Amino acid sequence: MKAFTYERAASIEAATKAAEANPEAKFIAGGTNILDLMKLEIETPTHLIDVNGLGLDKIEPTPEGGVRIGALVRNTDLAADERIRRDYGLLSRALVAGASGQLRNKATTAGNLLQRTRCPYFYDTNQPCNKRQPGSGCSAIGGITRQHAVVGTSESCIATHPSDMAIAMRTLDAVIETVNADGVRRSIPIADFHRLPGDTPERDTVLEKGEFVTAAMLPPPIGGKHIYRKVRDRASYAFALVSVGAVIQSDGTGRVAVGGIAHKPWRMETADAELPKGARAASSVLLSDARPTDQNRFKVALVERTLSAVIAEAKG
Amino acid sequence: MQFDTPVTTNPIDRLKVVGQPIPRIDGPLKVTGRAIYAYEWHDPKVQCAYGYPVGAAIAKGRIKSMDVSGARAAAGVIAVVTAPEVGDRKKGKFNTAKLFGGNEVQHYHQAIAVVVAETFEQARAAAALVKVDYTEEPGVFDLAQAMQTAVKPELESGDPDSGAGDFEAAFKSAPVTLDQTYTTPDQSHAMMEPHASIAAWDGDELTVWTSSQMIDWWRTDLATTLGIDKEKIHLMSPFIGGGFGSKLFLRSDAVLAAFAARAAGRPVKVALPRPFLMNNTTHRPATVQRLRIGAERDGRITAIAHESWSGDLPGGQPETAVMQTRLLYAGANRMTAMRLATLDLPEGNAMRAPGEAPGMMALEIAMDEVAEKLGIDPVEFRIINDTQVDPEKPERPFSHRDLVGCLKLGAERFGWNGRGRPGLQRDGNWLIGTGVAAAFRNNLLVPSGARVRLDAEGVVSVETDMTDIGTGSYTIIAQTAAEMLGVTIDKVSVQLGDSRFPVSSGSGGQFGANCSTAGVYAACVKLREAVAQKLGFNSEDVLFEDGEVRSGNRSVPLAEAAGPDGLVGEDTIKWGDLSETHQQSTFGAHFVEVGVDAATGESRIRRMLAVCAAGRILNPITARSQVIGAMTMGAGGALSEELAVDTRRGFFVNHDLAGYEVAVHADIPHQEVIFMDETDPMSSPMKAKGIAELGLCGVSAAIANAIYNATEVRVRHYPVTLDKLIGGLPDVA
């Protein structure tokens with residue numbers, strides 16, 4: 001870990017100004033990811049801006065009938081919130097499928113969205129990695145790739161986004177609210193928030209330097225059965241090989257997003273349209289451009305099988 | 001004490017303390033944080049500096065140059081010690097890879113420097129500034145390829161090949177045969193406490209607080225590596241947060257701490273960062289195993305062959321995965337062979353039940369497969385092929401063997417008889433299956449010494465360099481001394497893990513419990529003689545009971561017998577040839593029920609039962625803990641544990657506890673353990689045998705067999721992960 005300076009931001013404005021003033025600065029909230037990455041010198045901010053005290057820890061109803069989840073709401077609190085459990089059960093279930101109780105107590109809504117990949121080559125600073133060190137090459141390609149992406153990959157990167165929560169938010173059409181140092185606000189649909197790697201895998205999201213996530217907005221509830229199915233080798237405390245977040249209506253229509261297979265939560269509205277026809281139809285759309293490796297080819301079948309189980313459970 | 005004839009009745013048989021379910025006596029220290037582990041040792045008078053290791057970034061080659069100027073100039077840095085600077089060092093007897101010194105890089109993350117600073121954070125930051133220029137050399141990292149050029153190895157003891165009768169002919173003529181290849185992956189010990197040491201020099205004398213299973217081995221090898229007299233080293237390891245074999249042999253943390261402390265001129269503490277566990281230390285090597293079994297239609301095995309290939313650095317040893325097959329089942333015609341390939345991966349070495357653990361993972365699937373071919377229940381098939389003699393040397397009986405008893409009792413308690421045919425049982429979305437495997441692990445005998453004092457308060461204190469790696473050594477040693485001297489356990493204090501104490505067996509190979517308590521027994525016999533002599537009692541008929549020494553009508557309180565100066569007994573148990581004339585092994589049976597998600601192929605264990613026959617159980621609480629811990633390790637080995645080898649770059653990629661998935665609480669269901677009520681008079685005066693590794697041997701195969709029973713998909717390559725299953729699961733779409 002490199003030496004860094006630290007400040008507690010007094011306001012959102014102060015936080016964004018401080019970030020704009022120092023291009024080497026990073027925000028810190030729960031710290032459950034960035035501290036690990038700093039210890040390994042994968043992240044090397046020279047300045048940390050602590051945003052925990054900004055009052056962004058509330059879950060509030062919106063005039064449109066949805067909810068606004070403050071960026072600093074802890075994963076535990078969000079998962080346990082009565083309204084979330086009732087109207088957005090998928091989100092609650094996805095949250096408790098992730099990490100551990102201790103981590104969820106610290107981890108925040110914005111931090112969860114912004115967590116970085118768990119690609120083991122990203123984590124080993126002796127290995128080339130375009131995400132960690134742009135232009136150095138991807139050592140995962142041709143290496144150990146069982147956990148890696150099968151869709152939306154590039155020649156530069158085959159990493160996945162590890163978040164469970166983000167899969168639920170993608171299914172629920174969350175909108176991410178941000179503000180920058182000039183006070184300019186953006187509302188970014190979560191579909192556009194995370195990026196595909198392309199030839200700039202070092203950028204996980206479309207956030208600009210110094211842009212600060214203030215909240216995640218959920219549209220009014222859409223009813224239906226809310227199912228989050230996370231598939232993994234051990235029963236807890238593991239990242240998804242594949243996860244399926246779905247809201248299925250009684251008429252068989254619905255929405256589905258898939259985790260563990262791409263650099264971002266993977267949802268295609270054209271696949272949603274196929275859901276009434278069943279898992280095979282929907283997953284063949286979702287994975288029509290899949291380019292798996294020999295080690296992760298199983299994910300293609302696994303998505304279909306998992307989605308099939310989810311649809312059956314919804315009917316159940 | 002020389003142990004060379006089977007023991008008859010002795011004071012241990014009273015079982016007033018030994019054999020009783022006494023909670024571990026060091027438990028309160030551990031749950032209140034007062035048990036001091038290596039890295040936590042703190043003396044307010046001593047200001048430790050912090051050392052942080054630098055690991056090689058390549059798998060094989062040489063260090064051309066190192067630039068440590070940035071590290072030296074960094075804030076708080078006291079010293080930087082590099083491998084080229086230290087130069088080539090004599091390697092410890094038990095190490096295959098060198099731990100530190102010289103320009104050669106033998107494996108990824110081999111220690112090449114240690115940076116010492118005032119704080120841990122400063123040392124870590126400065127370590128990242130060390131720049132290294134390497135000459136990289138091509139290496140061999142893929143066992144599947146390297147096994148083509150594997151050779152017959154020279155073993156430390158025994159022969160890599162064995163046989164009896166004419167295997168080839170018998171196999172050819174057998175009506176039912178199996179010829180299959182199985183693989184087990186590299187595995188990591190992944191114990192909770194990382195390797196850690198504090199080193200402090202006082203002139204030419206060195207004190208080391210460390211985390212070691214084998215005090216004397218470490219002390220000796222550290223002396224060799226440092227080039228000093230071992231008498232100059234005082235090594236202490238009173239508490240150990242798990243080892244599983246990873247702390248059997250001297251590791252780089254102790255060497256780095258010693259060099260760093262010398263360079264810094266003050267005590268230095270070094271802990272290996274978690275990623276170093278996988279690539280800097282040792283691991284259980286991967287194996288490729290071929291099993292051939294031929295049987296008559298009535299179930300009798302007529303031919304059995306087990307061949308195993310593994311790899312290691314030059315000078316290393318094979319994973320002895322065929323050893324149990326030499327002994328476990330009958331069969332007149334047999335052969336085993338081990339071949340060793342050269343691999344430039346980190347050093348392969350002992351991990352809990354080395355040899356038997358991966359060997360049983362293969363053998364016990366093969367047995368399940370043959371039973372199915374025969375149409376014989378797999379429990380029955382194993383019973384049919386029981387043997388009471390060493391099948392390669394029928395003149396050698398087992399000292400005591402009750403595999404059949406374990407299988408029968410286990411089948412009854414588990415409800416085995418209701419078992420369904422493969423792929424037919426369902427519980428909602430779960431495919432349900434049950435599996436069985438035998439458990440087998442040899443009982444090893446190692447000399448073990450102890451010193452026992454009796455003081456004027458009537459308190460008995462035991463000193464031995466035995467270690468407690470979470471196993472319960474403190475407790476069973478206290479029980480042994482209490483039983484021998486006729487006192488309650490609260491009158492016994494036990495001190496372990498200090499090189500000033502008599503050399504013990506240490507902890508490994510499941511020999512620790514039986515051997516170290518036998519050593520304490522021997523020392524207590526000496527102390528009893530001293531007491532009797534002092535009181536003028538005839539030592540033959542002296543009774544030590546209820547805190548008193550009795551002979552005829554006379555009875556003297558122990559405290560009084562000790563006198564103001566106290567009395568001491570010291571001895572070492574040494575072993576005769578009973579383990580040569582008789583085969584000493586431990587036995588068991590594992591029964592497992594699994595559910596496999598019909599859609600996703602995720603396997604989840606539903607219940608586990610182990611029945612163990614391992615001689616006298618010294619303490620059913622600590623023994624049970626050993627067995628359920630081993631069953632848990634076997635669950636990880638069956639379902640998720642695998643060090644993933646990058647065969648291009650030559651290292652284990654998943655080098656942290658997020659990537660290397662050991663079982664977590666949610667993976668482990670109800671576990672039941674039954675101990676057979678037995679003793680083995682040939683094993684030691686304690687009549688006990690090892691248990692800690694037995695509990696692991698066979699578990700993974702029982703799980704794999706249960707998955708087969710659930711799914712009708714036979715997976716022969718561990719771990720049995722869902723990607724290997726879903727192709728054979730029922731269609732769901």
Side-chain angles (χ1 to χ4, degrees), chain A residues 1-4 36 39-41 44 99-100 118-121 123-128 139-140 142-147 162 229-239 241-242 244 278-284 295-299 301-313 316, chain B residues 55-58 74-75 108-109 121-122 124-125 128-129 273 275 279 428-429 597-605 635-636 639-642 644-649 651-659 661-668 719-727 729 731-733:
Chain A
M1 185 184 279
K2 292 199 167 162
F4 59 90
D36 284 350
K39 289 173 187 174
L40 295 164
E41 299 200 2
T44 52
S100 66
R118 300 291 167 154
C119 172
Y121 295 96
Y123 265 79
D124 187 332
T125 51
N126 290 326
Q127 310 304 329
S139 43
I144 298 295
T145 57
R146 184 169 179 266
Q147 297 273 351
R229 182 70 169 86
K230 183 175 184 180
V231 182
R232 43 188 161 176
D233 291 323
R234 64 180 172 190
S236 176
Y237 208 54
F239 296 98
L241 291 167
V242 158
V244 169
R280 180 155 296 166
S283 51
S284 67
Q295 292 173 29
N296 64 23
R297 194 171 307 281
F298 72 94
K299 289 191 177 185
L302 187 57
V303 168
E304 183 189 320
R305 297 185 70 92
T306 309
L307 180 55
S308 172
V310 165
I311 292 170
E313 185 183 337
Chain B
I58 62 166
Y108 191 69
H109 274 174
E121 287 77 12
Q122 288 170 332
R124 182 175 59 189
L129 299 173
N279 286 289
N429 293 325
D597 188 293
T600 64
E602 292 163 290
S603 297
R604 302 287 182 250
I605 299 170
L639 298 177
S640 57
E641 290 185 39
E642 173 177 18
V645 185
D646 186 317
T647 54
R648 306 160 306 165
R649 295 165 185 275
F651 73 111
F652 299 125
V653 172
N654 49 342
H655 49 55
D656 58 35
L657 293 181
E661 293 188 8
V662 300
V664 296
H665 285 283
D667 292 306
I668 303 303
V720 186
T721 45
L722 59 90
D723 42 312
K724 298 167 190 171
L725 290 169
I726 53 172
L729 294 183
D731 202 9
V732 291

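Every chain is numbered from 1, with letters handed out A, B, ... down the list of sequences. Every value quoted in this text rests on a predicted model; they were computed, and no experiment measured them.
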Selection from Asp723(B), Asn654(B), Ile726(B), Ile58(B) maximising heavy-atom pairs under 4.5 Å formed with chain A = Asp723(B)
query = How far apart are the closest heavy atoms of Arg305(A) and Asp731(B), and which atoms are they?
reply = NH1-CA, 4.4 Å
ask   = Checking Arg234(A) side chain against Val662(B) main chain: does a donor-acceptor pair fall under 3.5 Å?
value = yes
ask   = In terms of heavy-atom pairs under 4.5 Å, which option from Asn429(B), Val645(B), Leu729(B) contacts chain A the most?
value = Leu729(B)
ask   = In terms of heavy-atom proximity below 4.5 Å to chain A, should Ala74(B) be classed as side chain, backbone, both, or neither?
value = neither
request  = Using atom types as modelled and distance alone, determine if a side-chain donor or acceptor of Asp667(B) lies under 3.5 Å from a backbone N or O of Ala235(A).
outcome  = yes
task = Side-chain contact test, heavy atoms from C-beta onward, threshold under 4.5 Å: evaluate it for Met1(A) versus Glu121(B) and give yes or no.
result = no
inquiry  = For Asp597(B), is there an ion pair with Arg229(A) - N to carboxylate O distance below 4.0 angstrom?
reply    = yes
ask   = Less than 4.0 Å between a side-chain N and a carboxylate O, is that true for Asp656(B) and Arg118(A)?
value = no
request  = Count the heavy-atom pairs under 4.5 Å between each of Lys2(A), Lys299(A), Lys39(A), Glu41(A) and chain B, then report the option with the highest count.
outcome  = Lys39(A)
From CZ (Arg649(B)) to OH (Tyr121(A)), nearest 0.5 Å = 7.5 Å
key: Any donor-acceptor pair under 3.5 Å from Arg648(B) side chain to Ser139(A) backbone   = yes
key: Segment of Ala598(B) engaging chain A (4.5 angstrom heavy-atom cut-off)   = backbone
Under 4.5 Å from a heavy atom of chain A, the part of His665(B) involved = neither
request  = Determine whether Thr721(B) and Phe298(A) make a side-chain contact, defined as any pair of heavy atoms from C-beta on separated by less than 4.5 Å.
outcome  = no
key: Minimum-distance pair of heavy atoms, taken over all atoms of Val664(B) and Ser236(A)   = CG2-O, 3.6 Å
message = Please determine whether the number of non-hydrogen atoms from other residues, nucleotides or ligands lying under 6.0 Å from atom NZ of Lys724(B) exceeds 12.
response = yes
Interchain contact, Arg146(A) with chain B, by part (heavy-atom threshold 4.5 Å) = side chain
inquiry  = For the OH atom of Tyr108(B) and the CG atom of Asp124(A), what is their distance to the nearest 0.5 Å?
reply    = 3.0 Å
request  = Give the member of Gln295(A), Gln127(A), Gln147(A) that has the highest number of heavy-atom pairs under 4.5 Å with chain B.
outcome  = Gln127(A)
ask   = Given the options Ala281(A), Ala312(A), Gly143(A), which has more heavy-atom pairs under 4.5 Å with chain B than any of the others?
value = Gly143(A)
message = So for Leu725(B), is it side chain, backbone, both, or neither that comes closer than 4.5 Å to the heavy atoms of chain A?
response = neither
query = Any donor-acceptor pair under 3.5 Å linking the side chain of Glu602(B) with the backbone of Arg232(A)?
reply = yes
Proximal component of Leu241(A), with respect to chain B [non-hydrogen, under 4.5 Å] = side chain
query = Going from CZ on Phe651(B) to CG on Asn126(A), what distance comes out if it is rounded to the nearest 0.5 angstrom?
reply = 8.0 Å
ask   = So which of Val242(A), Leu302(A), Thr306(A) has the largest heavy-atom pair count under 4.5 angstrom toward chain B?
value = Leu302(A)
ask   = Heavy atoms, side chains only, cut-off 4.5 Å: are Asp233(A) and Leu639(B) in contact?
value = no
